[in-house]
Asker: 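Quick one: the structure is below, and I'll ask about it shortly.
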Amino acid sequence: MEKTVSDSINRKLVDITRKFYNYPEGKSKGNQRDLNIPDLFNINSATTTGIYNHVSCSYDFFSSNIKSLLGFDHKKFLQGNIQFILSLLHPTQRDLFDNEILPLLFKYYHLYSQKRKVTDLKCSFTLKMRRSDGNYIWTLLELRPFKTNSKGQPIHSILSISDISLFKKDEVNEFLVCKKSDAGLLKKIFSTSFSSTGAKYKFSKRELEIISLLAEGKTSKKIGEILNLSVHTVSTHRKNMIEKSSVQNTTELIKLATIRGLIENFNS
């Protein structure tokens with residue numbers, strides 16, 4: 001059953017890739033293995049690195065330290081291509097990747113390929129993945145295109161996978177797009193989050209007002225006076241935000257909003 005699900009995800013990825021590059025059935029080879037990869041990618045660390053081939057939906061390189069991260073030999077990823085790594089996704093997140101994250105990736109690839117600036121992008125997202133021992137860990141995946149075709153579309157990207165289990169305190173999936181500025185610095189241009197069930201959530205303007213005031217240390221009573229709301233209404237908004245973002249309390253809610261730039265974006 002698990003293989004059937006992963007096969008379905010793989011077909012979706014191949015289909016959307018073919019559509020993006022306009023390659024007909026059977027013509028999406030493009031597997032170039034002539035890259036010179038420095039040995040530093042094989043260092044033993046909490047982050048592993050690979051070279052993803054967008055055209056063939058495969059990997060031209062995977063650092064051997066993936067075994068210390070997920071427990072599988074790096075040859076498994078090279079031989080199994082994208083299908084193998086997708087088979088490691090937690091069952092509750094396979095649909096999320098297929099229906100939410102993947103379309104977002106190609107949306108920004110398409111937009112910045114037209115501008116010939118796709119190599120200025122770095123796309124990051126969090127997913128829960130299965131280790132060889134059967135346990136799941138939270139990982140951060142980052143894709144940064146570095147080689148393009150004549151249309152400006154990405155051909156190769158550096159893929160990094162990091163274990164963030166020690167820092168991950170909620171069951172929320174993040175998706176973030178950063179763009180390199182003229183000064184060479186990465187700046188966030190888009191971010192969104194998904195709940196543990198895969199449902200996308202978004203705070204309303206009123207909820208953002210309440211989060212901002214909570215971050216300033218205002219009590220529910222004071223917030224009610226400022227916004228002309230009852231204490232009960234303020235408390236209800238706060239409980240709803242805690243529930244939809246899958247955090248434990250108001251402190252975590254404020255921290256989450258701050259990390260995602262929600263308070264900053266609202267105030268600006």
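Starting from 1, each residue takes its place in the sequence as its number. As the structure is a computational prediction, the values presented were derived from the model and not from experiment.
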Asker: Between S113 (side chain) and Y109 (backbone), is there a donor-acceptor pair under 3.5 Å?
Answerer: yes
Asker: Taking the ring of H54 and the ring of F20, is the distance between their centroids below 6.0 Å?
Answerer: no
Asker: Check whether more than 12 heavy atoms from other residues, nucleotides or ligands sit under 6.0 Å from atom CD of Q114, and answer yes or no.
Answerer: yes
Asker: With a 4.5 Å cut-off on side-chain heavy-atom distances among I, L, V, M, F, W and Y, is there a chain of contacts connecting I66 to I164?
Answerer: no
Asker: With distance as the sole test, does R116 use its side chain to make a donor-acceptor pair with the main-chain N or O of K151 at under 3.5 Å?
Answerer: yes
Asker: So, F175 versus F194, ring centres under 6.0 angstrom or not?
Answerer: no
Asker: Can we say D73 and K75 salt-bridge, meaning some charged N sits less than 4.0 Å from an Asp/Glu carboxylate O?
Answerer: no
Asker: Walk me through it: do T233 and S230 pass the test side chain to side chain donor-acceptor pair (under 3.5 Å)?
Answerer: CA-CA 5 Å; T233 299; S230 69; 2.8 Å; yes
Asker: Using the side-chain hydrogen bond (donor to acceptor under 3.5 Å, both in side chains) criterion, which residues pair with S235? Sequence neighbours excluded.
Answerer: none
Asker: If we ignore hydrogens and angles and just use 3.5 Å, is the side chain of R131 paired with the main-chain N or O of L69 as donor and acceptor?
Answerer: yes
Asker: Can you tell which of T47, T49, T48 makes a side-chain hydrogen bond (donor to acceptor under 3.5 Å, both in side chains) with N65?
Answerer: T48
Asker: Would you indicate whether N228, at its atom CG, is surrounded by more than 12 heavy atoms from other residues, nucleotides or ligands within a distance under 6.0 Å?
Answerer: no
Asker: Just checking K179: does its NZ atom have more than 12 heavy atoms from other residues, nucleotides or ligands closer to it than 6.0 angstrom?
Answerer: yes
Asker: Might you work through the side chain to side chain contact (heavy atoms under 4.5 Å, CB included) test for N173 and Q93, ending with a clear yes or no?
Answerer: CA-CA 9 Å; N173 295 83; Q93 304 196 349; 3.1 Å; yes
Asker: Write down the atom of L186, the atom of D120, and the distance for their closest heavy-atom approach.
Answerer: CD2-O, 4.2 Å
Asker: R238: which residues meet the side-chain hydrogen bond (donor to acceptor under 3.5 Å, both in side chains) condition with it, sequence neighbours left out?
Answerer: S220
Asker: Of all heavy-atom pairs between I242 and T250, which one has the smallest distance, and what is that distance?
Answerer: CD1-N, 3.8 Å
Asker: Tell me, which pairs form a salt bridge (Lys or Arg N to Asp or Glu O under 4.0 Å) where one or both residues lie in residues 81-90, sequence neighbours left out?
Answerer: none
